[in-house]
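Taking it in order: structure first as structure tokens, then the write-up.
Source: prediction; values computed, not measured. One-based numbering, in listed order, for ligands and for the atoms of each.
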Amino acid sequence: MGKYQDFYRKSIDQPDEFWAEQAKLIDWHRPFDQVLDYSRPPFTRWFVGGLTNLCHNAVDRHLKDRPEQNALVYISTETGQQQSYTYRELHAETSRFAAVLRAQGVEKGDRVIIYMPMIPEAVFAMLACARLGAIHSVVFGGFASASLATRIDDAQPRLLITADAGMRGGKIIPYKHLVDEALRLSSHPPQKVLIVNRGLDKEMAITTERDLDYASLREQHRDDRVDPVWLESSEPSYILYTSGTTGKPKGVQRDTGGHAVSLAASMRHIYAGQPGETMFTTSDIGWVVGHSYIVYGPLINGMTTILYEGLPIRPDPAIWWKIVEENKVSVMFSSPTAIRVLKKQPPEFLHKHDVSSLRNLYLAGEPLDEPTARWIADALKVNIIDNYWQTETGWPILSSVPGIEDTPRKFGSPSFQVYGFNLKLLHESTGQEVGVNEKGVLVAVPPLPPGCLSTVWGDDTRFVNTYFSTFETEMVYSTFDWATRDEDGYYFILGRTDDVINVAGHRLGTREIEEAIQAHPNIAEVAVVGIHDELKGQAVMAFAVAKDASRTSTPESAAQMEKEVMATVDKELGAIARPAKVHFVSALPKTRSGKLLRRSMQALAEGREPGDLTTLDDPASLELVRNVIAQWRKE
Ligand code: AMP
């Protein structure tokens, strides 16, 4: 048996010994009494009785061995700023931030929403919450006010932290303005809003009594000492909202001890990063990749992490490689879409810089197609490692594990099941395991390993019903992805089993987008599907029925309505969810029981046949869809 096989088997056959060993990678204020309490399946309590703190593990712990090493390097090609923070400085800034929060009454268990651009204060804010035992919920800055308001109402935060503005492609994006609007829409607005004023939005409005200026409070609390609050391992560290099949996003809740151990272990084994080295993850703190591999993972592992505010092609498409060269990056993490964007640029940009420090480039979030993987592997001469995981798991489910054994990789496959995950592929209707190279639903046999979601915030029933109730035959965690496994044990992901769309690695729910479109007063009904897109993996396409059909009867009026629908989505959800195309039809294809036939619409939009139509109620409705697609293709 190979080295990785041994390692994997131990994680499944002797999980207590295995995870007790991994738990040594972090500091415990008090040791745990029990590795796993699984007395209430499918709920897990990892490292029961252990006391620890994430901020201590990410920051304070390194003051002994590496106080003068850079912990955080902030690079903004939007504002031209560059600033490094050593572990000592990161400790000071995080303590100040924690002191400011504490002075506002933030305590253990309180929720704090962070709605911020990619600036160092966003990282200080996350770590400061962790220091106090407060539960942060970072909301991606691309989400609109209404989405932010939904998350505020669910998390009911004591405080919201924001900035005056962000910048994207040289354009100022007002954040505080969106926060004001979200607070107006919300039924549980926080009492206070803490603002990091970057001086970008000169017109920012201030609400006295409610709005607080971070810079002045930071001065007041410059030298305050805030000790980490020790949490029992299972106490929550954060909530991160993600989309599913309903319109209401789910708050993925992560614990503290299991989370820290899973990240520390993944940094060693999967990302193979050494303390003192540099990691560059090109995601955003608003996504799970940002939480795990911009902030917590690299810092827990004593590495230098790069926080990059900007686009991959500005000021030119060599910017990432320049960052790699100047910072001697050895581990890099990005997404297939970003690489496809770079692939469209003139090839010389890839060779302008010395990237020999780079060992491995990890790509995750969406399927990695073979041409893209080959292109970047040849160009950079580094290992390309496809990682498959989800917001729910917090770290990879499928990957090669080069820190243990550098197994050969196959293009198109994220390799093997990662240690701790006991995976199966089940037939969608019988629930039986499928054979080699046969398509099944990818599931994990519980207990889930440390670091995975402990529940859905405030809704244990939703946690069990959503994730563990797909099959009657067996209680298993469903990933909602189709997959196959070949004769060598390599997995291949084939796409979602539910109505989730993946645009540029970002998860969007069809119901959420449909609800946003319905906010337009002239929309009677709408169906949203994800269709194949060369660059972004999938693009959003909508089929809508107008209440007043005369407003869509000419190409000009339909184009005007389409614009209005797109603007509605921008306002309700954010531009990331904006449909690439809105088709207007007089009826939508449904089953006799009234369910939308999204899959048939998707097939037609992708130029395939619509599949099984035995339940279709009105055949004419499908022909309408066929016709608008044919017309659209001609255009
Ligand atoms: P998110 O929670 O937003 O990260 O989305 C997770 C989903 O993205 C998974 O359920 C998959 O559908 C998809 N996904 C993530 N990583 C990969 C990958 N390496 N290959 C294929 N699909 C992926």
Under a 4.5 Å cut-off applied to non-hydrogen side-chain atoms, are Tyr388 and Thr479 in contact?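 Side chain of Tyr388 against side chain of Thr479, heavy atoms only: contact under 4.5 Å found.
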Centroid-centroid under 6.0 Å between Tyr271 and Tyr293 rings: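 Between Tyr293 and Tyr271, which both carry aromatic rings, the centre distance is below 6.0 Å.
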Kindly say whether the aromatic ring centers of Phe18 and Tyr419 come within a distance under 6.0 Å.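 Here the rings of Tyr419 and Phe18 have centres that are less than 6.0 Å from each other.
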Please work out which of the three classes, parallel, tilted or perpendicular, describes the rings of Phe280 and Trp320, given edges at 30° and 60°.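 Rings of Trp320 and Phe280: perpendicular, over 60°.
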For Arg151, enumerate each residue passing the side chain to side chain donor-acceptor pair (under 3.5 Å) test, keeping only those at least two apart in sequence or located in another chain.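 None.
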Pocket residues of ligand 1, ordered first by chain and then by residue number (heavy-atom cut-off under 4.0 Å):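 For ligand 1, the residues that come within the 4.0 Å heavy-atom cutoff are Gly365, Glu366, Pro367, Asp386, Asn387, Tyr388, Trp389, Gln390, Thr391, Asp481, Ile493, Arg496, Asn502, Arg507.
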Looking just at side-chain N and O atoms, do Ser400 and Tyr4 make a donor-acceptor pair shorter than 3.5 Å?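 No, no side-chain donor-acceptor pair sits under 3.5 Å.
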